[in-house]
S.K.: 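I have a structure I would like to understand better, so I am pasting it below and will then ask my questions one at a time.
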Amino acid sequence: MKLTLDNPETLAAPYADRFANVARLDLPGGALLTLSGQVAVDDGGAVVAPGDTGAQSARIFEIIGGLLAAHGATFRDVLHVRTYLLDMADLPAYATVRRRVFPADPPASTTVQVSALFLPGLTLEVEVTAAVPAT
C-alpha cells in the first residue's frame, strides 16, 4: 500500500491551503480515493452563488470532477457521496444537480443537516470516495 496526499496543480489549492483535497491509497489492482469535503468557492476562495444550493451544487461537482480526473477517475468510479446541507428544504435543488452527475446507478449516499458551514453564504458541502482501477 502507498498513501499519497495530493492537491492537483490543475485545480485551485484547497481553501486556506490547510488540508489535502485528495487522499489516494494505492492498492494491488487500483486505488481508493477519499476527497475532502468540497464547497462552492471560486479559484480565489470566494463563495459562488451565496445561498443558491442549485448553483453551489453545480460548482461543487465541477470541482469534484476535476479532482477525480486528476487521479484517472470519473463519476462512474464514485462509491459513496456524503453531503452536509444547512437546510433539508434545499434537498430538491441539490438532488436535481446530483441526478445529472449520476444519471444511472447512483452511488451509496449519506445526507445530513448541519447547523453551520465554515463560510457565510455556503449551503452545502460534499465529499466523495471513489475506487480507481489500475491502468
S.K.: Got a second to check how far Leu122's CG is from Leu85's CG, nearest 0.5 Å?
M.R.: 12.0 Å

S.K.: Is Val114 reachable from Leu119 through a run of I, L, V, M, F, W or Y residues, each pair having side-chain heavy atoms under 4.5 Å apart?
M.R.: yes

S.K.: Please step through side-chain contact (heavy atoms from CB on, under 4.5 Å) for the pair Arg24 and Leu33, ending with a clear verdict.
M.R.: CA-CA 5 Å; Arg24 178 186 178 109; Leu33 305 177; 3.6 Å; yes

S.K.: Provide the closest heavy-atom pair for Asp26 versus Ala31 in the form atom of the first, atom of the second, distance.
M.R.: OD1-CB, 3.4 Å

S.K.: If every non-hydrogen atom of Leu86 is compared with every non-hydrogen atom of Leu117, which pair is closest and at what distance?
M.R.: CD2-N, 3.9 Å

S.K.: Let me see the working for Leu68 and Leu35 under side-chain contact (heavy atoms from CB on, under 4.5 Å), right down to the final yes or no.
M.R.: CA-CA 9 Å; Leu68 292 170; Leu35 275 58; 4.3 Å; yes

S.K.: Describe, in one word, how the ring planes of Phe61 and Tyr94 are oriented to each other, choosing from parallel (under 30°), tilted (30 to 60°) and perpendicular (over 60°).
M.R.: parallel

S.K.: If hydrophobic clusters are built from ILVMFWY residues whose side chains come within less than 4.5 Å, do Val22 and Met1 share one?
M.R.: no

S.K.: In terms of hydrophobic clustering (I, L, V, M, F, W, Y; side-chain heavy atoms under 4.5 Å; direct or indirect links), are Met88 and Ile60 co-clustered?
M.R.: yes

S.K.: In this structure, would Phe118 and Val112 fall into the same cluster of hydrophobic residues linked by side-chain contacts under 4.5 Å?
M.R.: yes

S.K.: Can Ser109 and Arg98 be said to form a side chain to side chain donor-acceptor pair (under 3.5 Å), step by step?
M.R.: CA-CA 11 Å; Ser109 177; Arg98 195 182 133 129; 3.1 Å; yes

S.K.: Can you confirm whether Arg59 sits close enough to Ile63 that some side-chain heavy atom of one is under 4.5 Å from a side-chain heavy atom of the other?
M.R.: yes

S.K.: Indicate the atoms forming the closest heavy-atom contact of Val48 with Val41, along with that distance.
M.R.: CG2-C, 3.6 Å

S.K.: Report yes or no: does Asn7 contribute a side-chain atom to a donor-acceptor pair with the main-chain N or O of Asn21 at less than 3.5 Å?
M.R.: yes

S.K.: Roughly how far apart are Gln113 CD and Asp90 CG, rounded to 0.5 Å?
M.R.: 9.0 Å

S.K.: Quick one, Pro8 and Leu67 - any side-chain contact, counting heavy atoms below 4.5 Å?
M.R.: yes

S.K.: Membership question, hydrophobic clusters at under 4.5 Å side-chain separation (ILVMFWY): are Leu27 and Leu5 in the same one?
M.R.: yes

S.K.: Can you give me the closest heavy-atom contact between Pro50 and Gln56, atom names plus distance?
M.R.: CA-NE2, 3.7 Å

S.K.: So, for Ser36 and Gln38, which heavy atoms are closest and what is the spacing to 0.1 Å?
M.R.: O-NE2, 3.0 Å

S.K.: Checking side-chain contact (heavy atoms from CB on, under 4.5 Å) for the pair Leu79/Leu32: CA distance, chi angles, key distance, verdict?
M.R.: CA-CA 10 Å; Leu79 304 170; Leu32 182 67; 4.0 Å; yes

S.K.: Rounded to the nearest 0.5 Å, what's the gap from OG1 on Thr129 to CG on Asp77? Could you check?
M.R.: 12.5 Å

S.K.: To the nearest 0.5 Å, tell me how far Thr111 OG1 sits from Leu124 CG.
M.R.: 9.5 Å

S.K.: Using a 4.5 Å cut-off on heavy atoms from C-beta on, say whether the side chain of Phe75 contacts that of Ile64.
M.R.: yes

S.K.: Using every non-hydrogen atom in the two residues, find where Val132 and Gly72 come nearest and quote the distance to one decimal.
M.R.: CG1-O, 3.7 Å

S.K.: Determine whether a donor-acceptor pair (N or O, by modelled atom type, separation under 3.5 Å) exists between the side chain of Glu125 and the backbone of Tyr84.
M.R.: no

S.K.: Out of curiosity, Thr110 OG1 to Arg82 CZ, how far, rounded to the nearest 0.5 Å?
M.R.: 5.5 Å

